[in-house]
Amino acid sequence: MASPAVAVRHPSPTFLPSSPHRLLRPCSPGHSPLKLGASRLKVTALFGWPRGDTTKRDLIPPAESYMLTGSASEVGTKPREVSISIASSIMDIPAVDWDACACDPADPEKFSPFLTHAFLSSLEESGSAVKETGWLPFHVVARDENKNIIGVVPLYLKSHSRGEFVFDQSWAEAYYSYGLEYYPKLQSCVPFTPVTGQRILVRNAPYQDQVFDALVKALKSLTTKMNVSSLHITFPSEGEFSKMKDNGLLQRIGLQYHWRNRNYKSFDEFLMDLKQPKRKNIRQERKKIPAQNLKMKRLRGDEIKNPSVCSWGRPYLTRDFFHLLGEKMGDKVMLIVAEKDDQLVAGALNLIGGDILFGRLWGCLPNAYFPNLHFEACYYQAIEAAIELNLSKVEAGAQGEHKIQRGYLPVTTYSCHYFSDPGFGAAIGNFLARETAQVKHVIKVLHDSGPYKEDILKEFAPQED
């Protein structure tokens, strides 16, 4: 995804397209770019707000009230008051109330394990998403007149941009070059998890749309009251994406790679939808697994013993997180492992939600190298599992054009952004308009290069606006 370059001019900066690997740079004479080194990020992780009047930054602002008058279809209903407050830990919110907002029992196919109290509390309890790692929990809670929780938003006050998968480091550089602080910022997301899903979680009840709007207004108000640079809502659902534009948030799109199940009965049936050279290549890659004396297994629930023997990518998640995840959500976890001589050498951690298999983490023993094992564990085994379980889709995580030739096609992802500084907001909005056109073009080009036969590619074609 392209990053913009900025020319610092008064009254507001102007964003220009740039290469994906460049940070924002001030173009006006006499301004040298400020590098965001590790030392600065380490200092701001303390949430010390080194410049400005820190007395204006109340960590837990008072609750706000909003009056809901009902929609046009609810004529004659009595106005209701909603109180919106902040919880400094998800453990302060009863699991039954959080999940009543996050999970709709009437639509189980849309169940997301990442939005559950069990998953998010595991991140906090394990020390993975906490103040010390730059993720200060700041969850938003909406209550009705009877103090019943009717809406929640997973929210964090952040001192860096790591673990988000929607890249805004260039924006941070621009802020610093312009003499402004970008961190801390507010981030609504599931930490370390680039999975699309609801972010404004509202209980299924009357006034649902009005509660949604009140929560978005409260998020914008909180951004101003906290005197932080910005609010970012990443990987929301497509429906939320459209609604939040009406609430004055900027829109950004990205892309991921997903596999879709056409009611296949076997992996070979899936392969028959591919062009012959692609089909041959996948078969050759899979043959190299038994040739290396590797044995693949798919484990569920109690079958999973000790996944922590592998090194799971970047060390965002603590070992305690995996133990808590197994205790709280073992039935939703699928661990795909590779063994050699009865010894575990690698694994891919997946979660099952609704009718989707979510590929999350890949890990292997230090210094272990087995050609094509990553493709087998993360992509082919996931496809086989989805076919076996009759799941509609496999989401294989962020990035990786190599996924295309293995049956995973590009899809659009979404994020929404709000900036306290109107000059920067306008400049970033102009940049995003250009970036959106570029991303849409890239998605089309990547889709057209997919491995499927032409009629299948047409069936999977991205929808035109």
[Y] and [X], any side-chain heavy atoms less than 4.5 Å apart:
X: Glu435; Y: Val439; value: yes
X: Ile200; Y: Val202; value: yes
X: Leu294; Y: Glu339; value: no
X: Gln251; Y: Thr436; value: no
X: Phe370; Y: Lys288; value: no
X: Asn350; Y: Leu335; value: no
X: Val195; Y: Val190; value: no
X: Ile336; Y: Cys378; value: no

Keeping the roles fixed (side chain from [X], backbone from [Y]), state whether a donor-acceptor pair exists under 3.5 Å.
X: His117; Y: Asp97; value: no
X: Thr133; Y: Ser128; value: yes
X: Arg143; Y: Val141; value: no
X: Asp341; Y: Gln343; value: no
X: Arg283; Y: Arg279; value: no
X: Arg203; Y: Ile149; value: yes
X: Trp98; Y: Leu115; value: yes
X: Tyr408; Y: Gly400; value: no
X: Ser415; Y: Thr234; value: no
X: Gln256; Y: Pro194; value: yes

Passes salt bridge (Lys or Arg N to Asp or Glu O under 4.0 Å), Glu401 versus Lys403? Steps please.
CA-CA 5 Å; Glu401 292 180 17; Lys403 297 171 185 172; over 6 Å; no
Which residues pass the side chain to side chain donor-acceptor pair (under 3.5 Å) test with Ser89, sequence neighbours left out?
Glu124
Results of side chain to side chain donor-acceptor pair (under 3.5 Å) for Ser188 - residues two or more places apart only:
none
Drop me the distance from [X]'s [atom1] to [Y]'s [atom2], to the nearest 0.5 angstrom.
X: Ser266; Y: Ile383; atom1: OG; atom2: CD1; value: 12.0 Å
X: Leu231; Y: Leu155; atom1: CG; atom2: CG; value: 7.0 Å
X: Leu120; Y: His139; atom1: CG; atom2: NE2; value: 6.5 Å
X: Leu389; Y: Asp355; atom1: CG; atom2: CG; value: 11.5 Å
X: Leu373; Y: Gln292; atom1: CG; atom2: CD; value: 7.5 Å
X: Asn204; Y: Ile150; atom1: CG; atom2: CD1; value: 12.5 Å

Hey, are [X] and [Y] close enough for a salt bridge, meaning a charged N less than 4.0 Å from a carboxylate O?
X: Asp213; Y: Lys217; answer: no
X: Arg262; Y: Glu459; answer: yes
X: Lys458; Y: Asp455; answer: no
X: Asp144; Y: Arg80; answer: yes

Check: [X] ring centroid to [Y] ring centroid under 6.0 Å:
X: Phe165; Y: Phe235; result: no
X: Phe192; Y: Trp135; result: yes
X: Phe114; Y: Phe119; result: yes
X: Phe424; Y: Tyr175; result: yes

Whether Phe267 and Phe270 hold their rings parallel, tilted or perpendicular, with breakpoints at 30° and 60°
perpendicular
Is the number of heavy atoms from other residues, nucleotides or ligands under 6.0 Å of Lys110 NZ greater than 12?
no
Does either side chain, that of [X] or that of [Y], offer a donor lying less than 3.5 Å from an acceptor on the other one?
X: Ser237; Y: Gln198; value: yes
X: Tyr380; Y: Glu285; value: yes
X: Ser121; Y: Lys328; value: yes
X: Asp320; Y: Ser126; value: no

Considering non-hydrogen atoms only, spot the tightest contact between [X] and [Y] and give its length.
X: Ser161; Y: Tyr183; answer: OG-OH, 2.6 Å
X: Val152; Y: Cys101; answer: CG2-CB, 3.8 Å
X: His160; Y: Glu164; answer: O-OE2, 3.4 Å
X: Leu250; Y: Gly425; answer: CD1-O, 3.4 Å
X: Ala142; Y: Leu215; answer: CB-CD2, 3.9 Å
X: Cys416; Y: Phe241; answer: SG-CD1, 3.7 Å

For a side-chain contact (heavy atoms from CB on, under 4.5 Å) check, start with the C-alpha distance between His402 and His374, then their side-chain angles and the critical distance, and finish with the verdict.
CA-CA 11 Å; His402 57 276; His374 176 259; 4.2 Å; yes
Show your working on ring-ring contact (aromatic ring centres under 6.0 Å, His included) between Phe358 and His258 and close with a plain yes or no.
CA-CA 10 Å; Phe358 299 96; His258 297 175; 8.6 Å; no
Option among Arg298, Lys295, Arg286 that satisfies the salt bridge (Lys or Arg N to Asp or Glu O under 4.0 Å) test with Glu376
Arg286
Test side chain to side chain donor-acceptor pair (under 3.5 Å), reference Asp168, set His417, Arg252, Lys185, Gln187, output is Lys185
With sequence neighbours excluded, give me every ring pair (Phe, Tyr, Trp, His ring centres under 6.0 Å) pair touching residues 433-460.
Tyr452-Phe460
For His232, which of Tyr414, Phe167, Tyr418, Phe419 qualifies under ring-ring contact (aromatic ring centres under 6.0 Å, His included)?
Phe419
Single hit among Val228, Ile86, Val153 for side chain to side chain contact (heavy atoms under 4.5 Å, CB included) with Leu222
Ile86
Cation-pi check for Phe212 against Lys243: NZ or CZ below 6.0 Å from the six-membered ring centre and within 45 degrees of the axis, yes or no?
yes
